[in-house]
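Written below as structure tokens is the structure these notes are about.
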Number of protein chains: 2
Amino acid sequence: MARPRIALAQIDTCVGDVDGNVEAVLAWSRRAAEAGAHVVVFPEMTLTGYPIEDLALRASFRRGAQAGLERLASRLVEEGLGELTVVVGTIGERRLGPRNDAQADAAARAAVRATNRAVVLRDGEVLARYDKHHLPEYGVFDESRIFTPGHEVCVLDVLDRRVAVVICEDIWQDGGPVTALADEDLSLLLVLNASPYEEGKGHVRTALAARRAHEVGAPVAYVNLVAGQDDLVFDGGSFVVGRDGQVLAYAPQFVEHLLLWDLAEDDEPEVPGPRAARLTADEEVYRALVLGLADYVRKNGFRSVVLGMSGGIDSALCAAIAADAIGGEHVVGVSMPSVYSSGHSKDDAADLAQRIGADYRVQPIAPMVDAFQGQLHLEGLAEENLQARVRGVTLMALSNAEGHLVLATGNKTELAVGYSTIYGDAVGGFAPLKDVDKSRVWALARWRNHAALDGVFRPDEVPPIPESSITKPPSAELRPGQVDQDSLPPYDLLDTVLDAYVENAEGRAELLARGFAPEVVDKVLQLTDRAEWKRRQYPLGPKVTALAFGRDRRLPVTTRWREL
Amino acid sequence: MARPRIALAQIDTCVGDVDGNVEAVLAWSRRAAEAGAHVVVFPEMTLTGYPIEDLALRASFRRGAQAGLERLASRLVEEGLGELTVVVGTIGERRLGPRNDAQADAAARAAVRATNRAVVLRDGEVLARYDKHHLPEYGVFDESRIFTPGHEVCVLDVLDRRVAVVICEDIWQDGGPVTALADEDLSLLLVLNASPYEEGKGHVRTALAARRAHEVGAPVAYVNLVAGQDDLVFDGGSFVVGRDGQVLAYAPQFVEHLLLWDLAEDDEPEVPGPRAARLTADEEVYRALVLGLADYVRKNGFRSVVLGMSGGIDSALCAAIAADAIGGEHVVGVSMPSVYSSGHSKDDAADLAQRIGADYRVQPIAPMVDAFQGQLHLEGLAEENLQARVRGVTLMALSNAEGHLVLATGNKTELAVGYSTIYGDAVGGFAPLKDVDKSRVWALARWRNHAALDGVFRPDEVPPIPESSITKPPSAELRPGQVDQDSLPPYDLLDTVLDAYVENAEGRAELLARGFAPEVVDKVLQLTDRAEWKRRQYPLGPKVTALAFGRDRRLPVTTRWREL
């Protein structure tokens with residue numbers, strides 16, 4: 001008997017694009033078959049994309065997915081791929097009683113609830129189905145809201161070997177289907193995943209899979225989605241761990257990939273497969289941001305982006321990411337100098353645009369600011385915000401007139417403490433640096449320039465970010481001589497306090513116990529709490545840390561809670 | 001033995017304001033004792049406010065609530081209220097193992113999980129505790145995310161009568177604690193609630209409580225929160241239903257209230273209590289909007305609001321609501337005419353402001369629009385949006401300079417089809433009409449004017465809304481002669497299609513089967529789907545229907561799903 005060859009098809013699906021996802025499964029199944037695979041496994045909810053959120057509650061959507069599955073089964077046979085065992089994710093349905101009395105008047109609809117399903121296709125038939133048991137409802141996840149859990153395990157035969165299928169969260173919880181599979185004498189456990197990226201998560205996943213491999217006494221093949229989807233990035237990085245927990249094969253992150261691996265006999269030594277190089281932390285985050293933006297642009301039908309280029313580090317890094325995502329020729333950079341803008345700001349912006357090959361424009365804001373001031377006579381903060389808002393209106397006008405996606409260039413630190421102007425620099429459809437704190441912004445800028453010298457992206461590349469954008473003191477340039485550190489603690493301190501307060505949910509007492517000065521702690525906490533209403537109206541941006549602002553951190557705007 | 005007198009204290013708590021909520025419980029307990037009550041019951045999560053969202057995940061927050069509970073217990077005794085049985089809601093804690101492996105590195109924190117708890121206080125002691133069993137995770141709720149469920153029932157003795165306590169969702173689910181209480185020979189079931197308002201929900205609640213009364217063979221006393229909290233309004237309307245399901249007592253909606261009711265002996269006829277008049281549908285919705293805005297303003301520390309007054313029906317209704325919520329003298333109305341504004345628009349705006357006693361200002365936008373156009377030369381939609389954005393910048397400038405909360409005046413129909421300008425008329429901290437469709441806007445305006453003639457709010461009041469704002473054809477006045485119906489189906493048809501598509505989640509096939517014309521259906525669905533990104537950045541506004549945009553309807557921005 002031949003060794004089963006397992007193909008992990010790490011593909012970039014699109015939410016709601018059932019037809020496109022079916023075509024992708026066909027194309028990658030063909031590649032798998034051509035590579036001699038017996039089984040090809042796709043990521044969680046392949047046909048629907050992930051996460052589909054409340055689309056799951058629409059009967060018409062579920063019908064569309066079911067039709068897609070049936071079309072896929074026929075097409076596989078028509079294209080001579082019937083013998084291949086194809087494992088895809090989709091949305092399933094279960095008939096239940098009404099969910100609760102509030103919905104009793106909609107009993108007919110409530111009687112059907114959706115599941116997060118894996119389907120095994122062979123010879124045009126559904127060989128097996130599996131409904132995900134554990135529905136995560138922490139962090140960015142809302143699966144209990146939209147799915148009902150499954151309760152059965154799923155084991156199939158592939159070339160007389162016993163192969164089980166589970167889905168994502170099922171391996172993150174102790175107990176559940178993996179424990180139930182321990183006595184099933186498995187040869188392989190397949191896991192379909194849509195596991196959102198956060199820095200360093202790859203190691204957590206392989207360690208976890210190693211524990212499950214030990215539990216079932218069989219290798220674990222873990223296939224992960226690769227995609228940008230709104231505020232999430234799925235990084236791929238699919239892998240196989242052996243019975244002893246060693247990583248036997250590893251796919252690259254952030255690209256579509258077919259990882260091939262041969263399943264040895266149960267009494268034979270396991271066979272290693274290809275192992276992609278691991279990325280450094282900075283490269284990993286940078287590439288996550290590039291994929292997040294590239295997929296947002298492409299999947300939403302844009303072809304170009306526009307952003308304000310201030311000469312500062314945030315807009316410079318954003319522009320570099322945009323150029324890597326969609327090509328510098330599709331990036332429009334607008335310098336919008338005011339009377340407070342320094343000469344080096346304009347020079348640095350022009351330099352950046354030239355380095356990345358952007359369409360560069362200069363649009364002074366004085367005529368519009370003067371027109372407002374002639375009527376409104378604003379001072380102080382109101383005047384500062386006015387400048388930012390005139391820039392926002394200008395970018396939106398270019399977007400309306402020319403069709404570009406507007407990028408908001410603010411970073412996570414700014415968003416935390418509210419140092420952005422709502423309807424000003426906060427305008428945009430997407431905010432690439434939303435989950436990147438200021439300290440990391442500098443690190444990524446330096447990494448990207450080094451990568452240019454090392455030829456990581458392309459040969460003979462000029463470092464995209466002007467050195468002076470990296471080294472000069474950060475300033476919003478909204479009044480004469482202003483620099484950020486006039487009114488904020490140094491960024492390294494600020495980012496450390498924010499990390500403890502926001503990501504680790506530490507209270508004031510814990511922060512003081514760590515040795516932070518009370519005046520720093522109180523200022524940071526007050527600024528952060530007060531900015532919640534602005535964060536609610538901020539554009540989407542890709543999550544790259546353990547806790548991003550947005551659906552990962554759901555706090556009331558109206559609250560009198562103050563850490564004391 | 002005396003009949004136990006039950007007090008349902010329908011109070012307006014504030015999220016995070018533990019000190020303030022403790023003081024409110026003390027004050028209303030005193031009132032209850034003075035009225036001869038033996039038991040006083042407060043709404044769900046009294047001490048913390050509701051919903052607290054991810055504040056529940058902060059250990060410091062849970063410590064603060066616990067300290068508040070201990071202070072309350074002592075203060076009740078100090079103030080001579082020790083004999084009163086006080087039932088309050090708060091956040092509890094349970095020690096558990098780590099929730100999942102992803103959080104295993106934070107095992108120390110994960111070992112403690114929060115509960116949604118009721119606590120019974122008497123003589124300065126905690127007499128009983130109850131942790132909510134059923135944690136809703138549909139609609140606007142995310143309770144599984146932040147709480148772990150309880151599994152025990154809670155029965156206490158009050159004057160030798162057996163009284164059980166459950167919380168909100170516990171009675172919305174069949175089975176669970178109420179079923180477990182059926183054999184407990186109860187004399188009364190107390191239910192602590194924070195049940196968000198939606199039109200007509202009062203009848204659903206009493207019908208449900210009647211079923212539970214039948215199940216346990218005892219009356220049900222249902223106390224509901226009254227509060228505006230971000231995008232939710234809690235309407236109060238607390239009540240008691242008898243063993244046979246009849247409503248015995250009913251508190252008014254939208255105001256704090258102490259509802260008193262005497263529990264007869266089990267073999268005696270039940271005693272009716274006070275019954276507030278039921279509101280009409282329009283009055284109910286209108287008062288919900290007023291409370292939602294009033295509490296948002298007060299709890300967030302504002303004292304005034306500013307809004308654009310166009311002379312149209314949306315801004316007129318918004319202004320009337322604002323005047324009812326905080327007083328017309330705290331409302332700033334700004335007419336911002338453009339070259340396309342009609343004379344009647346300016347007249348109607350001035351008339352409205354005068355009727356409600358608002359601070360009225362006129363700020364022409366031509367100088368600013370001309371300044372932008374001198375630089376950008378915009379046409380078509382870009383030019384229309386520019387006008388709206390200049391108005392948005394103007395309102396935000398007044399807010400920054402003078403401290404007013406900016407109100408966005410758009411309605412649910414506009415928000416559905418994307419007929420608002422992001423960063424233009426969509427700017428604001430709060431949007432009173434966010435969940436009110438255009439048809440309802442007219443109905444509410446007419447109702448409010450009739451209410452003035454009937455002296456519902458105050459005697460001898462002039463109808464606040466100019467008749468011509470109600471009767472004229474709606475227009476954004478962004479180009480010459482423009483009216484909404486140039487590019488949209490008639491509003492009654494549009495609102496019917498939107499109701500089916502958005503609130504009932506019907507697909508295109510179901511809509512066509514209902515007889516709607518394909519070209520109308522396709523246009524409405526396309527407009528609605530494309531506007532999702534703008535809805536994400538829209539201000540909060542109060543939910544008054546079964547399904548509001550926002551956390552009630554979570555859809556991806558990036559999706560290629562199209563109903564076909």
Side-chain angles (χ1 to χ4, degrees), chain A residues 14-17 53-55 57-61 100-102 137-138 142 144-145 172-173 204 208 229-230 296 299-300 363 367-368 371-372 374-376 378 381-382 385-386 389 392-393 396-397 400-401 423 427 429 505 507-509 533 537 539-540 553-561 563, chain B residues 14-17 53-55 57-61 100-102 137-138 142 144-145 172-173 204 208 229-230 296 299-300 363 367-368 371-372 374-376 378 381-382 385-386 389 392-393 396-397 400-401 423 427 429 505 507-509 533 537 539-540 553-561 563:
Chain A
C14 180
V15 165
D17 188 11
E53 307 187 56
D54 286 0
L55 286 173
L57 305 178
R58 302 189 74 84
S60 53
F61 183 83
N100 64 35
D101 288 285
E137 58 226 352
Y138 57 86
D142 285 307
S144 291
R145 173 185 179 84
W172 290 79
Q173 302 292 335
V204 181
L208 181 67
Q229 170 62 30
D230 286 353
Y296 189 87
K299 292 176 177 176
N300 285 290
Q363 175 55 63
M368 294 82 102
F372 275 105
Q375 302 288 317
L376 300 172
L378 303 171
L381 181 68
N385 283 341
L386 173 64
R389 290 194 179 115
V393 173
M396 290 306 297
N400 285 157
Y423 319 127
V427 308
R508 184 172 185 275
W533 82 277
Q537 296 189 37
L540 291 169
R553 181 180 191 261
R554 305 178 191 180
L555 286 176
V557 171
T558 303
T559 170
R560 291 196 181 146
W561 175 249
E563 298 280 343
Chain B
C14 180
V15 165
D17 187 12
E53 307 187 54
D54 286 1
L55 287 172
L57 305 178
R58 302 190 74 86
S60 53
F61 183 83
N100 64 36
D101 288 286
E137 58 226 351
Y138 57 86
D142 285 305
S144 291
R145 174 184 177 86
W172 290 79
Q173 302 293 335
V204 182
L208 183 67
Q229 170 62 29
D230 286 355
Y296 190 88
K299 292 175 178 177
N300 286 290
Q363 176 56 62
M368 295 83 101
F372 274 104
Q375 302 289 316
L376 300 172
L378 303 171
L381 181 69
N385 283 341
L386 173 64
R389 291 194 178 114
V393 172
M396 290 305 298
N400 285 158
Y423 320 128
V427 307
R508 185 174 184 275
W533 82 276
Q537 296 189 37
L540 291 170
R553 182 181 191 260
R554 305 179 191 178
L555 286 177
V557 171
T558 303
T559 170
R560 292 197 181 146
W561 175 249
E563 297 280 342

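Letters A, B, ... mirror the listed sequences (proteins, then strands); counts begin at 1.
- Closest non-hydrogen pair, P539(A) versus Q537(B), comes out as CA-NE2, 3.7 Å.
- The residue among V427(B), L540(B), N300(B), D230(B) with the most heavy atom pairs within less than 4.5 Å of chain A is D230(B).
- Taking the six-membered ring where the residue is Trp, W561(B) and F61(A) present perpendicular rings, their angle passing 60° and hence far from 30°.
- With rounding to the nearest 0.5 Å, the separation of CE in M396(A) from CZ in R389(B) is 4.0 Å.
- If you tally non-hydrogen atom pairs under 4.5 Å between each of V393(A), N385(A), V557(A), D17(A) and chain B, the highest count goes to V557(A).
- Per-residue heavy-atom pair counts under 4.5 Å with chain A were compared for G429(B), A509(B), A397(B), A401(B), and the maximum is reached by A397(B).
- With a threshold of 4.5 angstrom between heavy atoms, L386(A) approaches chain B through side-chain atoms but not through N, CA, C or O.
- Only the side chain of Q363(B) comes within contact range of chain A, judged by heavy atoms closer than 4.5 Å.
- The choice from L55(A), D54(A), N400(A) that makes the most heavy-atom pairs within less than 4.5 Å of chain B is D54(A).
- E137(A) contributes atom CD, which lies 9.5 Å from atom CG of D142(B) (distance to the nearest 0.5 angstrom).
- In this structure, S60(A) and R508(B) have side chains that are not in contact, with every pair of non-hydrogen atoms separated by 4.5 Å or more.
- Proximity to chain A involves both the backbone and the side chain of L555(B), based on heavy atoms less than 4.5 angstrom apart.
- If you measure heavy-atom distances from E563(A) to chain B, the contacts under 4.5 Å come from the side chain alone.
- Minimum heavy-atom separation, Q229(B) to P556(A): NE2-CB, 3.5 Å.
- Y296(A) pairs by the side chain to side chain donor-acceptor pair (under 3.5 Å) definition with nothing, not counting sequence neighbours.
- The closest side-chain heavy-atom distance from T559(B) to V15(A) is below 4.5 Å.
- Between P367(B) and Q375(A), the shortest heavy-atom contact is CG-NE2, 3.4 Å.
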